[in-house]
Amino acid sequence: MAALEALRFEALGGECELYSLSADRPSDLAGVRAWIDAMHDRLTRFAPDSELSRLNAAAGEWTAVSPELEALLQQSLAAYAMSFGLVHVGVLPALLAAGYTRDFAAGQTPATGEIAIPPPLPEMLEVAVGRARLAPGTAIDLGGIAKGWLADRAVERIGPNSLANFAGDLRARGDGPDGDGWPVGFGPTTVLLKDIGAATSGTRGRRWGERSHHLIDPRTGLPADSDLAEVSVLAASGADAEVLAKTALLLGREAGARLLDERSLGSYLV
């Protein structure tokens, strides 16, 4: 009889959950948490000595990157193409201009009024095996890409019947505790997920003013002005769900709903 194991902790800017069912041996959830904590430290933009911050500081030069950061940078380029350029990791200067200069819990700094529209991502980011280069004067933030990708990688590490939820971006693997899928809250209901990803993108949580929030529209360089407040999406992977949710929110209700009807496995728009 498989026993359900669970581990909850804070990382990646929110509450994280790991679940596993294994009849053979206990899963190493603590080891997966340690890996997530290490990835958080390497990918945060709020620490000047993180791997991401070192890449940003070296803009204009080729810089050695780890296999994980290399994979995330490649995922960022794929997300840019998949989203018609709307999911753009190069919005960090715009985030800083909007006042999001430090960890959200520490509060925001005054907006500068500067409008920072990033160049097309393939023009500012080059990735090769073991190295990457940013164009001079550019910088990236992986916060909008990393959680879904990390959820996909986490269930690979945990085992064939597992779930990883990182602040609402998740991946379910296997049949779940009762054989019909992992129960997950999705909008106003609960869905049962097997081998599928889910993600939510919204402007309600990280907001510090009527028009000030963390979701930057790369077309304007400003916090997004959308008739949607939150979008939840089901897709083949956590990474794809995250990209589709953010793209739909930036497109707005009408165009976003059309996109999700065509590309998602399910959606809920508010």
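Numbering of residues begins at 1 and proceeds along the displayed sequence.
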- Task: Say whether L150 and V155 are linked into one hydrophobic cluster, either directly or through other cluster members, by side-chain heavy-atom distances under 4.5 angstrom.
- Result: no

- Compute both the distance and the angle, then confirm whether R33 meets the cation-pi test with W35: under 6.0 Å from the six-membered ring centre, within 45 degrees of the axis. no

- Query: Roughly how far, to the nearest 0.5 Å, is the CD atom of E242 from the CD1 atom of I145?
  - Reply: 6.0 Å

- Item | D195: partners by salt bridge (charged side-chain N to carboxylate O under 4.0 Å, His left out), with sequence neighbours left out | none

- Quick check: does any side chain N or O of S83 sit under 3.5 Å from a backbone N or O of T247, one acting as donor and the other as acceptor? no

- Message: Would M124 and L121 count as a side-chain contact (heavy atoms from CB on, under 4.5 Å) here? Give the steps.
- Response: CA-CA 5 Å; M124 63 170 280; L121 188 61; 3.8 Å; yes

- Message: Whether the side chain of S53 engages the backbone of A47 through a donor-acceptor N/O pair (distance < 3.5 Å, no angle test) should be reported.
- Response: yes

- Item | Ring geometry between Y100 and F46 (parallel below 30°, tilted from 30 to 60°, perpendicular above 60°) | tilted

- Check the pair E126, W62 against side-chain contact (heavy atoms from CB on, under 4.5 Å), reporting the backbone distance first and the verdict last. CA-CA 9 Å; E126 297 175 85; W62 283 100; 3.7 Å; yes

- Query: Is P218 close to I117 at the side-chain level, that is, under 4.5 Å between some pair of heavy atoms?
  - Reply: no

- Evaluate the side-chain proximity of L170 to L193: yes if any heavy-atom separation is below 4.5 Å, no if none is. yes

- To the nearest 0.5 angstrom, please state how far the CD1 atom of I140 sits from the CG atom of L55. 5.0 Å

- Query: Cluster question for you: counting only ILVMFWY and a side-chain heavy-atom cut-off of under 4.5 Å, with indirect links fine, are L192 and F186 together?
  - Reply: no

- Message: We want to know whether R173 and Y19 form a side-chain donor-acceptor pair, criterion being a heavy-atom distance below 3.5 angstrom.
- Response: no

- Taking side chain as C-beta onward, heavy atoms only, is N165 less than 4.5 Å from C16? no

- Item | L125 side chain near L134 side chain, heavy-atom distance below 4.5 Å | yes

- Item | Co-membership, hydrophobic cluster, residues V127 and L72, 4.5 Å side-chain | yes

- Within the side chain of D227, is there an N or O that forms a donor-acceptor pair under 3.5 Å with the backbone of R253? yes

- Heavy-atom closest pair, residues L249 and G202: CD1-CA, 3.6 Å

- Message: Give me the atom names and distance for the closest heavy-atom approach of S264 to S267.
- Response: OG-CB, 4.1 Å

- Nearest 0.5 Å, what's the CZ-OG distance between R157 and S162? 12.5 Å

- Rounding to 0.5 Å, atoms CG (L163) and CD1 (I196) come to a distance of 11.5 Å

- Message: Are the side chains of R45 and L96 in contact, using a 4.5 Å heavy-atom criterion?
- Response: yes

- Distance-minimising heavy-atom pair for Y80 and H88: CE1-CD2, 3.5 Å

- Please walk me through it: do R258 and E254 pass salt bridge (Lys or Arg N to Asp or Glu O under 4.0 Å)? CA-CA 6 Å; R258 285 199 304 269; E254 185 175 347; 3.4 Å; yes

- Message: For residues L250 and V89: do they belong to one hydrophobic cluster (side chain heavy atoms under 4.5 Å, members Ile, Leu, Val, Met, Phe, Trp, Tyr)?
- Response: yes

- Query: In Å, rounded to the nearest 0.5 Å, how long is the span from CZ of R131 to CD of E70?
  - Reply: 10.5 Å

- Donor-acceptor pair, side chain of D217 and main chain of R219, under 3.5 angstrom: yes

- Sidechain-backbone polar pair: D28 side chain, I158 backbone, donor-acceptor under 3.5 Å: no

- CA sep, side-chain torsions, deciding dist, call: L52, R42, side-chain contact (heavy atoms from CB on, under 4.5 Å): CA-CA 6 Å; L52 177 64; R42 287 163 56 183; over 6 Å; no

- Test item: side-chain donor near acceptor, E51 and S66, under 3.5 Å: yes

- Task: Please report the C-alpha distance between E230 and S201 in whole Å, then the side-chain angles of each, then the deciding distance to 0.1 Å, and finally whether the side-chain contact (heavy atoms from CB on, under 4.5 Å) criterion is met.
- Result: CA-CA 6 Å; E230 188 172 280; S201 182; over 6 Å; no

- Tell me yes or no: between the side chains of W182 and N161, is some donor less than 3.5 Å from an acceptor? yes

- Task: Over all heavy atoms of both residues, which pair between L234 and A198 is shortest? Give the atoms and the distance, please.
- Result: CD2-CB, 3.6 Å

- Query: Roughly how far, to the nearest 0.5 Å, is OG1 of T138 from CG of N56?
  - Reply: 7.5 Å

- Message: If you apply the rule salt bridge (Lys or Arg N to Asp or Glu O under 4.0 Å), what do you find for D49 with R54, and how did you get there?
- Response: CA-CA 6 Å; D49 60 345; R54 293 196 300 270; over 6 Å; no

- Query: What's the shortest heavy-atom distance between L29 and L7, and which atoms?
  - Reply: O-CD2, 3.5 Å

- Message: Minimum heavy-atom separation for I115 and G221, please, with both atom names.
- Response: CG2-CA, 4.5 Å

- Message: Just so I know, are the side chains of M82 and V87 near enough to count as touching, which here means a heavy-atom distance under 4.5 Å?
- Response: no

- Donor-acceptor pair, H40 side chain versus A11 backbone, under 3.5 Å? no

- Find out whether P177 and P183 are in side-chain contact, i.e. whether some heavy atom of one side chain is under 4.5 Å from a heavy atom of the other. yes

- Message: Tell me every residue that passes side-chain hydrogen bond (donor to acceptor under 3.5 Å, both in side chains) with E61, counting only those two or more places apart in sequence or in another chain.
- Response: none

- Message: Using a 6.0 Å cut-off, check whether atom CG of L4 has over 12 heavy atoms from anything other than its own residue.
- Response: yes

- Task: Could you check if a side-chain atom of L222 sits within less than 4.5 angstrom of a side-chain atom of I216, using non-hydrogen atoms only?
- Result: no

